[in-house]
2 protein chains.
Amino acid sequence: MATIEREKAATIADVARRAGVAKSTASRLLSGARQGTPWAREAVERACDELGYRPDPNAQKLARGQSQNTIGLFTHFLDLGVGTKTLRRVQQLLGERGFSVPLHVTISGIEHQDHLALLQNVCAQRYRAIVGAQAWLLREREWEELAQYGRNGGPVVLYDHTPRLPIACDQVLFDMENGFRAAVAHLAALGHTRIGTFFAPMRHPETSPQLRAFERVLGEFGLKLRPHWLFRGQGHIEHDLEGALAAQTFLDLAPSKRPSAMLIVSDSAAMGFATVLSRSGLQIPRDLSLVGHDDKPIAALCSPPLTTISYPVEAIAARVVELLCERLDGTYNGPPRTEIISGNLVERHSTAAQKG
Amino acid sequence: MATIEREKAATIADVARRAGVAKSTASRLLSGARQGTPWAREAVERACDELGYRPDPNAQKLARGQSQNTIGLFTHFLDLGVGTKTLRRVQQLLGERGFSVPLHVTISGIEHQDHLALLQNVCAQRYRAIVGAQAWLLREREWEELAQYGRNGGPVVLYDHTPRLPIACDQVLFDMENGFRAAVAHLAALGHTRIGTFFAPMRHPETSPQLRAFERVLGEFGLKLRPHWLFRGQGHIEHDLEGALAAQTFLDLAPSKRPSAMLIVSDSAAMGFATVLSRSGLQIPRDLSLVGHDDKPIAALCSPPLTTISYPVEAIAARVVELLCERLDGTYNGPPRTEIISGNLVERHSTAAQKG
DNA sequence: TTGTAGGCGTTATCAA
DNA sequence: TTGATAACGCCTACAA
C-alpha cells in the first residue's frame, strides 16, 4: 500500500537555526524555563510561527522521563447511560485538576480478544496514572499487564461493581445488593411474590455476581427466581431497546405465568419496557409493578414516575478522583483501598400492591 | 507536592544485559525482525519476563518516525445518543482495520476555552491521522492547529452537520434540511400550521444553521416559527430529560397558544416530551403531533411508534472511515472531499391530522 | 546472526 | 543568559 509523502514537521533544531540561536536556548524559551533576552525571545517566537513548529510529545516525554499530566482512562464499551456519564464526569474532574485524559475503548463487543490489546496499549503509553472501568471483563493476562504497570508505571484506580477485583490497586465498587434488598423488601411489603428481573447480557449468567446477589436477596424474603422471570439483554447499546425487546418476550408469556413485579436494572430499559407494555394495554403499576435502576433524572418526570434504585454517578466519580489524586500527590501511599458505594431505593409511583 | 518514588521501568538495555546479548539483538528479537538463535531468543524472552519489560512507545515512536497504527479521534462531549454511537462505530471500524483509536474529549461543556487545549493535545500526539466530530464548535485558532497538523502530520477527516467546515480536509456532513423538509411537508399535508420545535442548546440561536434551515423550510410552506414555539435544551446530557423539561414549558403555555405539532430534534427528547405530556392527560397524536429525529430503534417500538427523521449512523461512520483509509493507503490524494448525507422521514403513528 | 555506532526530537547539565 | 554536550529508550544501517 502506497503511502502519501508528507513534508517532515519542523523540529526545534529548525526553529533554533532559523532564529539564530542554539537548540537549548530555543528549548528553554519555549518551555518557559527562562525569560531570555527580548530579542532571542521574539526571534524564536517568529521562527515557530513561520515554521508551524509543534513540539513532539514523544520526544518530550522521552527526555522528561514521562508524561506528567496525562492520565489514561479505559473502559470496554461506551454505553448510552450512566457508564458513559460517569466516565465523562471522571474526565471532567481530572481535567479540572489540569490533567489531559484520553479515553481508550475496546472496539469489539463483550468478547474477550480485544481487551488485552487495549490494555497493553494503555499501559504502554506511560501515562502518569490509569483509571479504568468495567474491569470485571479482564482476565489473568490483563491483570498481569495492569499489575506490571502498577509496579513501575504509576497508580491504578479501578471502579466497577462488586465483587472486588483481583488486583492490588485502589478500587471504587458499587454494590448493587443493598439496592436490590431495598427494592425486594418494598415489593414484598406490597405483597409481591412473583418478582422478575431484567439484566444486561453477561458472559456467564450462572456466575454473574449481580444476578446471584439478586437471587440471594430474593431468598432472604423466601422468594425464588423462576427461569422465565429472568429477562436478559441482547447486547444492544440502547438500553431502551433492550427493555422493549424484553417486554415483547414478557408479553409472549401466558398472563398467568408472568411475574407481578419486575426489577429492571436500568431506568432506560424500564421505560422501554413500559412503553411496549402500554401498547398492549397493560398499565404500570396496575398490571405490573416496576422498579428501575440508576435514578436517571427522567425517572422522576416520566409517566408514571419510576421507583428506582439510585446509582450515584457523582459520588463514584468524585471518589475515584480523590483516591487517585491522593496517590499522585503522595498524600497516601499505603496499601490498596476498597471503597464500597451503594444505591438507595427511591420510591415513586411505578409500584402498587399485588392484585388479588 | 510530594511525589511517590517508583522504581524505574526496565529498558531494553536491562533486558539485553540480563540476557547477555547486545541491545540491538534484543531489539530485533523483540520486534520480530529476525529469528535469532534459539538460545538468544529464549534468553531475551526470559529476561523480559523477569524484568517485566514493556517497550516505551514514546521511544519507539521517536525512533520509528511516528506512530503508524494509531489514529486520534476527538469530539467535544460525549452525548448519550447518536453522537456517541457514531463515535463508537468509527472506532470499531478503524479498529477492525488494525488501528488503535484513542478518543479525546473536551472536559468542559459547551464553552470555548478547553477546545484549543484539546486540539493542541490531539494534534501534538503525532497520530497517523485525526478524525473529529462536533468541529463546528471550533474557532480560528483551532482551525489553524488542525490545518497545521494536516500540512505535515497526516490526513484529517471531520464529520458534522452542515454547513461545510472552514478547513481544507475531507468532511462528511449530515444535512438536516432535507429531513426537515420531509417532516414539514408531512405535517403540512395533515393540516398543521402551528409547528413548533425543540433544539439542543446552541451558542448563537440567531445564527444556528439548523434552526435557520428549519425556518427556511417552514417558509417554503408559507409557515412561520413563533418564538414561543421554539423550545431549547438546557444542556443536560440526557436528551430525555431535556425533552421532559421542554414539555413542562409547553404545558405552561395556554392551550390556545400551543403549537399543534412539534418537530423534536432527538427521539429521546421526543419520548421524554411525550411521557410528561401524558401525565397531564394529553395524548399523542390526538392532542399533539410529534416528529422525532434519529430513528432510534426504540422509536419503532414505543407507544405510539414515533414518526421520525433518520440519522444514518452506520452510513456516516462508514463513509468517514472510507475517506480516511483512501487517504492513508494513497488510493486518493486529491483535493478535499465533502460528502453530504441526509436523513429520511420515517412515518409511523405519532402524527395525525390537525384538529378542528 | 551478532555487535557497534549513530540517530530520532527533546530536555537537562554544566561551563562559559 | 547562552551554547555545547550528554542523556532519554528504542530502532536500524553497517560492518564483523
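Each chain gets a letter, A, B and so on, in the order its sequence line appears, and its residues count up from 1.
Using a 4.0 Å heavy-atom distance criterion, A:S27 is classed as a base contact. Using a 4.0 Å heavy-atom criterion, one finds that B:R41 contacts no nucleic acid atom at all.
A side-chain hydrogen bond (donor to acceptor under 3.5 Å, both in side chains) with B:Q92 is found for one member of B:R89, B:E96, B:R88 and no other, namely B:R89.
For A:K85, the side chain to side chain donor-acceptor pair (under 3.5 Å) criterion is met by B:E238, not counting sequence neighbours. Residues forming a ring-ring contact (aromatic ring centres under 6.0 Å, His included) with A:Y159 (at least two apart in sequence, or on another chain): none.
When rounded to the nearest whole Å, the span between CG of B:L30 and P of D:dG9 equals 16 Å. Here D:dC10 presents its P atom at 3 Å from OH of B:Y53, a figure rounded to the nearest Å. The nearest whole Å value for the distance from the CG atom in B:D56 to the P atom in D:dA7 is 18 Å.
For A:R28 and A:T25, the side-chain atoms include at least one donor-acceptor pair closer than 3.5 Å. A donor-acceptor contact under 3.5 angstrom links the side chains of B:Q134 and B:T75, judged on distance only.
Annotation: the span from B:N58 atom CG to B:D56 atom CG amounts to 4.5 Å, rounded to 0.5 Å.
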Name each donor-acceptor pair under 3.5 Å that joins a side chain in residues 38-45 of chain B to protein atoms two or more places apart or in another chain, with its distance.
residue	atom	partner	partner atom	Å
B:R41	NH1	B:Q35	O	2.9
B:E42	OE2	B:R46	NH1	3.4

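If you walk DNA chain C from 5' to 3' and mark each nucleotide with an atom closer than 4.0 Å to a heavy atom of chain B, the marks span C:dT1 to C:dG9.
We find that A:R141 and A:E144 are joined by a salt bridge, their nearest charged nitrogen and carboxylate oxygen being less than 4.0 Å apart.
B:R337 forms a cation-pi arrangement with B:Y332, by the criterion of a distance under 6.0 Å to the ring centre and an angle within 45° of the ring axis.
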Between the protein and nucleotides 1-5 of chain D, which nitrogen or oxygen pairs are less than 3.5 angstrom apart?
residue	atom	partner	partner atom	Å
D:dT2	OP1	A:T37	OG1	3.0
D:dG3	OP2	A:A22	N	3.2
D:dG3	OP2	A:T25	OG1	2.6
D:dG3	N7	A:S24	OG	3.0
D:dG3	N7	A:R28	NH2	2.8
D:dG3	O6	A:R28	NH1	2.8
D:dA4	N6	A:S24	OG	3.1

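Direction change of the helix axis from one end of the helix from C:dT1-D:dA16 to C:dA16-D:dT1 to the other is 40°, with five pairs defining each end axis (rounded to 10°).
Between B:Y127 and B:I71 there is no side-chain heavy-atom pair separated by less than 4.5 Å. Two residues are said to be in side-chain contact when any heavy atoms from C-beta on lie closer than 4.5 Å; B:T70 and B:V101 fail this criterion.
Within the 4.0 Å cut-off from OP1 or OP2 of D:dC11, at least one side-chain nitrogen or oxygen of B:Q60 is found.
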